[in-house]
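Worksheet: one structure, shown below.
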Amino acid sequence: MRRAEHKKPKSLREPASHTMRELLIYAKPYRGLFAGVVGLVVIYNLTQVSQPYLVKIAIDRYLLVSHASLGPIFEIGLAYLAITLIGLVANLFQTRLVAAAGQQIVRRIRIDLFTHIESLSMKYFETHDTGRLLTNVSSDTTRISQFFTQFLLSVIRDGLTIVLVMGAMLMLNWKLGLLSATLIPFIMAISLVFRPFLKQRYNATRSRLSRLIGFIAENLTGMRIIQVFHQEQKQLRAFDNLNVPYQNASVSEFKWDVLFNRSFDLLGNLAVAFMAWIGGMAVLHHAIKLGVLYAFISYIQQFFAPINSLTQNWNTLQSSMISAERVNAVLATKSDLTDPTLPVALNSDSPGSIVFDRVSFSYDPLQPILQDVSFSVKPGQFVGIAGETGAGKSTLISLLGRFYDVNSGRIQVDGIDIRDIRQADLHRLIAVVQQEVHLYSGTIADNIRLFRPEVTAEAIQEAAESTGAARFIRRLPEGYNTWLTPGGANLSTGQRQLLAFARTLVLNPKILVLDEATANIDAVTELAVQAGLMQIAQNRTTIVIAHRLSTIRHANWIYVMEHGQIAESGTHPQLMALNGRYADMVHKSSLATAQQFA
Ligand SMILES: Nc1ncnc2c1ncn2[C@@H]1O[C@H](COP(=O)(O)OP(=O)(O)OP(=O)(O)O)[C@@H](O)[C@H]1O
Ligand SMILES: [Mg+2]
């Protein structure tokens, strides 16, 4: 697709520090919370570092002396216990605070992302995979929160541990302390060697997973088609073809992860053995006391854990950065359609006239769809549009609702160019009843009310009565409280159409556009839909795109479209007398109807 070659979003080229700064902005409102976390971390770390020191005192001062005394050892034991408890409580609260902050941040990012996605134009959704968007909103935001709950926490907690442990070692014996410090380059080297592999594996798994989710999302939406055409087996194979690479990538990621962590453990154990050997000799030569050796062995173990955790969280940083870049790329996408800087306010008693003035439009620059289309609809008129499939009828409506902007010419509503009207105002003025009626999970009443709480039950019933929807609603076991599924599979096409009419009546727009469903409906339902339409067309400007020409037979004016242009126009009798395309279509459709009932 040509339009897919969007220019690369800005943030993908930006350095990591920029991405990190943008992430930190999300944490700003929770500064207090994070300060509390840091305080608790300091308390916890101090308790951890003082434990080996207490044992060292017990060994050197009270155990390995000629007259060991139990009293002070008991006291040290109590102090040890108290410190452990304090550490435990500090750790507990710290974990809770971090989780709370993380969830708040995720919520903020999700709201931002969702609001932004909603503001994007139809064009964006055509050129972007919705499955990928889904991944952005769900897992990417979770991974971003891990930047705060895991990476940032690790930098503070583990960084502080390393500093404290190093300090304690140097204080106890600076020579042994410096010797231990020589381990740092080795630890660094191991993680530097592994990191690119880990990152590569991580990326591979993620991109395969998002392809898999995209496939699932697409199939769930098209389930009916898949079943109708018996494509289940074929789709299952296609699914498996995506599933296997994902599985392989996951296993490979896991293998490298294990290899890395075990190498690290090995180094840790070697260091302990080394310390026991060097330190043991020092004890034998009376260079240090046994308690100091004990403390050193404990510290060297404490020293490894945070470095391990830091490098592990390096992974978290990587993944949160990738996710943040993706989310930023979505957030950085500007909507193609912008609200005017100086919007023209619409009159509340705006009559609802429409003018298409030499409008040309194409989805693809190489393939013009509408060419120089001009027509006007007076307030309160009922206008029909007919034409072969693909003539550009629905496109006309998408332009009127400003889902796309015209390439040339202009569209005016009540004399105002629609580009000078705020989109929210425009959409309040014009209601489009699409070919496909979208239903939401909720009751019939919810679906008529469209989740606006101010619409009363009486208004809903009134609307249902006058559009004729009430007749079938009354027959439902739970009436207005009958639960509907999003696909609306439990309602017929005609019933859905009537429901959409009732919804529109409650909405009370100045301009109503109906893009009629192509589906054949039976004659009785057709009459019901016809009557419902007549009801809602009253007192408003109505444009009906008709597939059943009987729907627009009584229109004030009919336009016939052909290859993106208006080929004929007039009233039904005039067009019939003309004996052109319209008359031809009428003959064909009555022939089809005759055959259907033959
Ligand atoms: N989103 C789109 N992207 C690219 N081309 C499109 C898009 N929507 C429609 N078209 C093309 O524009 C032309 C007009 O389509 P449109 O949907 O306006 O026809 P229509 O008159 O409403 O047809 P129908 O009677 O089948 O509903 C068709 O050739 C179609 O392939
Ligand atoms: Mg159409």
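Residues: numbered from 1 along the sequence shown. On a predicted model such as this, the values are computed, not experimentally measured, just so you know.
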Of all the heavy-atom pairs spanning [X] and [Y], show the shortest one and how long it is.
X: Pro509; Y: Thr504; result: CD-O, 3.3 Å
X: Ile86; Y: Thr47; result: CG2-CG2, 4.2 Å
X: Ser154; Y: Leu310; result: OG-CD2, 3.5 Å

### Query
Passes side chain to side chain contact (heavy atoms under 4.5 Å, CB included), Asn447 versus Arg503? Steps please.
CA-CA 7 Å; Asn447 269 280; Arg503 181 190 277 175; 3.4 Å; yes
### Task
Please test Met561 against Leu370 for side chain to side chain contact (heavy atoms under 4.5 Å, CB included), starting from the C-alpha separation and ending with a verdict.
CA-CA 10 Å; Met561 292 206 55; Leu370 295 182; 3.8 Å; yes
### Query
Listed by chain and number, what are the salt bridge (Lys or Arg N to Asp or Glu O under 4.0 Å) partners of Arg107, not counting sequence neighbours?
none
### Message
I'd like to check the salt bridge (Lys or Arg N to Asp or Glu O under 4.0 Å) partners of Asp158; sequence neighbours left out, ordered by chain and number.
### Response
none
What distance separates [X] [atom1] from [Y] [atom2], expressed to the nearest 0.5 Å?
X: Asn407; Y: Leu399; atom1: CG; atom2: CG; value: 8.5 Å
X: Leu491; Y: Phe472; atom1: CG; atom2: CZ; value: 5.0 Å
X: Ile25; Y: Ile105; atom1: CD1; atom2: CD1; value: 12.0 Å
X: Ile162; Y: Met166; atom1: CD1; atom2: CE; value: 10.0 Å
X: Ile144; Y: Ser319; atom1: CD1; atom2: OG; value: 10.0 Å
X: Ile369; Y: Ser398; atom1: CD1; atom2: OG; value: 11.0 Å

### Query
Crowded around Gln227 CD? As in, over 12 foreign heavy atoms under 6.0 Å?
yes
### Query
Is it true that atom CZ of Phe34 has more than 12 heavy atoms of other residues, nucleotides or ligands lying nearer than 6.0 Å?
yes
### Query
So which pairs with a foot in residues 299-313 pass salt bridge (charged side-chain N to carboxylate O under 4.0 Å, His left out), sequence neighbours left out?
none
Could you tabulate the donor-acceptor pairs under 3.5 Å formed by side-chain atoms of residues 262-275, not counting sequence neighbours?
unit_1: Arg262; atom_1: NE; unit_2: Asp265; atom_2: OD2; d: 3.0
unit_1: Arg262; atom_1: NH2; unit_2: Asp265; atom_2: OD2; d: 3.0
unit_1: Ser263; atom_1: OG; unit_2: Leu259; atom_2: O; d: 2.6
unit_1: Asn269; atom_1: ND2; unit_2: Asp265; atom_2: O; d: 3.4

### Message
Using the ring pair (Phe, Tyr, Trp, His ring centres under 6.0 Å) criterion, which residues pair with His427? Sequence neighbours excluded.
### Response
Phe403
### Query
Among all residues two or more places apart in sequence or in another chain, which pass the ring pair (Phe, Tyr, Trp, His ring centres under 6.0 Å) test with Phe148?
none
Output a table of donor-acceptor pairs, distance under 3.5 Å, between side-chain atoms of residues 229-236 and any protein atom two or more places apart or on a different chain; print 'none' if there are none.
unit_1: Gln231; atom_1: NE2; unit_2: Phe229; atom_2: O; d: 2.9
unit_1: Gln235; atom_1: NE2; unit_2: Asn219; atom_2: OD1; d: 2.8

## Note on the structure
Residues at least two apart in sequence or cross-chain that pass side-chain hydrogen bond (donor to acceptor under 3.5 Å, both in side chains) with Thr149, listed by chain then number, are none
### Query
Taking only residues two or more places apart in sequence or in another chain, which ones pass side-chain hydrogen bond (donor to acceptor under 3.5 Å, both in side chains) with Thr443?
Asp446
#### Entry: Chi angles and distances behind the side chain to side chain contact (heavy atoms under 4.5 Å, CB included) call for Ile397, Lys393
CA-CA 7 Å; Ile397 299 320; Lys393 306 182 293 294; over 6 Å; no
### Intermediate values then yes/no, side chain to side chain contact (heavy atoms under 4.5 Å, CB included), Leu46 and Val42
CA-CA 6 Å; Leu46 283 175; Val42 170; 4.1 Å; yes
Only distances under 3.5 Å count here; give the side-chain donor-acceptor pairs of residues 239-257 to other protein atoms, sequence neighbours excluded, each with its distance to 0.1 Å.
unit_1: Ser250; atom_1: OG; unit_2: Tyr246; atom_2: O; d: 3.0
unit_1: Ser252; atom_1: OG; unit_2: Arg201; atom_2: NE; d: 2.9
unit_1: Glu253; atom_1: OE1; unit_2: Thr205; atom_2: OG1; d: 2.8

### Query
How are the rings of Phe361 and Tyr404 set relative to one another: parallel (under 30°), tilted (30 to 60°) or perpendicular (over 60°)?
tilted
### Summary
By side-chain contact (heavy atoms from CB on, under 4.5 Å), Leu33 pairs with (sequence neighbours left out) Tyr30, Leu97, Ala101
### Stepwise side-chain hydrogen bond (donor to acceptor under 3.5 Å, both in side chains) check, Arg110 with Thr142
CA-CA 9 Å; Arg110 283 199 180 141; Thr142 307; 3.0 Å; yes
Would you say the side chain of [Y] lies within less than 4.5 Å of the side chain of [X], judging by non-hydrogen atoms?
X: Arg143; Y: Gln146; result: yes
X: Leu499; Y: Leu484; result: yes
X: Leu24; Y: Phe147; result: yes
X: Leu85; Y: Val89; result: no

Which pairs would a plain distance check flag for residues 296-307, meaning a side-chain donor or acceptor within less than 3.5 Å of a matching protein atom at least two apart in sequence or in another chain?
unit_1: Ser298; atom_1: OG; unit_2: Tyr294; atom_2: O; d: 3.1
unit_1: Tyr299; atom_1: OH; unit_2: Val49; atom_2: O; d: 2.7
unit_1: Gln302; atom_1: NE2; unit_2: Gln48; atom_2: O; d: 3.1

### Query
Would you say the side-chain atoms of Asp515 pair up with the backbone N or O of Val432, donor to acceptor, closer than 3.5 Å?
no
### Message
Using modelled atom types and a 3.5 Å cut-off, is there a donor and acceptor pairing between side-chain atoms of Arg31 and backbone atoms of Lys28?
### Response
yes
